[in-house]
Amino acid sequence: MKSPAIYHIVLLENTTLLVKRDTEEWRDLNAEFGDLKASLGPWTFEDACKWMVEEWGSRALSNPWLSAFPSSTATIISV
């Protein structure tokens with residue numbers, strides 16, 4: 001049985017990403033993104049969305065790709 005995905009909000013120099021992984025290891029994110037400023041998580045998808053709304057308001061959920069992200073094969077989305 002596959003474990004549920006783990007989500008991280010990744011703050012980069014010029015953008016913010018929502019990253020879906022099977023691991024909680026933040027060091028993997030650090031190695032993958034050279035301009036990493038901070039990573040927040042690990043979270044469930046719902047908790048990551050809650051944080052985005054708290055920080056950015058309801059506009060945070062206006063990305064049309066966001067609702068499909070948990071069931072998609074994509075592992076990174078720009079938020």
Side-chain angles (χ1 to χ4, degrees):
M1 181 173 153
K2 187 177 178 188
S3 62
I6 297 165
Y7 295 84
H8 295 266
I9 295 172
V10 177
L11 306 171
L12 303 177
E13 182 72 35
N14 294 312
T15 194
T16 300
L17 305 173
L18 182 59
V19 178
K20 178 172 40 174
R21 294 286 188 262
D22 292 330
T23 178
E24 295 184 18
E25 188 57 54
W26 65 269
R27 288 177 184 88
D28 295 340
L29 297 171
N30 197 30
E32 185 173 348
F33 301 103
D35 59 343
L36 180 91
K37 297 297 177 192
S39 66
L40 309 170
W43 285 333
T44 64
F45 178 73
E46 293 76 15
D47 287 340
C49 288
K50 245 190 261 187
W51 181 89
M52 289 187 286
V53 168
E54 288 173 7
E55 289 296 311
W56 305 323
S58 60
R59 69 180 170 83
L61 303 181
S62 65
N63 182 331
W65 302 103
L66 188 60
S67 62
F69 187 52
S71 59
S72 77
T73 57
T75 57
I76 299 172
I77 187 172
S78 178
V79 293

Got a sec, which pairs hit salt bridge (charged side-chain N to carboxylate O under 4.0 Å, His left out) with one end in residues 40-54, sequence neighbours left out?
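Listed once each, the pairs are D47-K50.
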With sequence neighbours excluded, give me every salt bridge (charged side-chain N to carboxylate O under 4.0 Å, His left out) pair touching residues 70-79.
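Found none.
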Applying ring-ring contact (aromatic ring centres under 6.0 Å, His included), can you list everything that pairs with F45, at least two apart in sequence or on another chain?
Y7
Only pairs at least two apart or in different chains count here, so list each side chain to side chain donor-acceptor pair (under 3.5 Å) that has a residue in residues 58-77.
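Non-adjacent pairs meeting side chain to side chain donor-acceptor pair (under 3.5 Å): zero.
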Residue pair M52 / A60: nearest heavy atoms and the distance that separates them
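Of all heavy-atom pairs spanning M52 and A60, the closest is O-CB, 3.6 Å.
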State, to 0.1 Å, how close I9 and A48 come at their nearest heavy-atom pair, and which atoms those are.
CD1-O, 3.7 Å
Working to the nearest 0.5 angstrom, can you tell me the gap between [X] [atom1] and [Y] [atom2]?
X: K37; Y: N14; atom1: NZ; atom2: CG; answer: 9.0 Å
X: L17; Y: S39; atom1: CG; atom2: OG; answer: 11.5 Å
X: D28; Y: D22; atom1: CG; atom2: CG; answer: 11.0 Å

If two hydrophobic side chains count as joined below 4.5 Å and joins carry through other members, does [X] share a cluster with [Y]?
X: L12; Y: L18; result: no
X: V79; Y: F69; result: yes
X: I77; Y: F33; result: no

Please report the C-alpha distance between C49 and L61 in whole Å, then the side-chain angles of each, then the deciding distance to 0.1 Å, and finally whether the side chain to side chain contact (heavy atoms under 4.5 Å, CB included) criterion is met.
CA-CA 7 Å; C49 288; L61 303 181; 4.0 Å; yes
Excluding sequence neighbours, so at least two apart, what forms side chain to side chain contact (heavy atoms under 4.5 Å, CB included) with E32?
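R21, I76.
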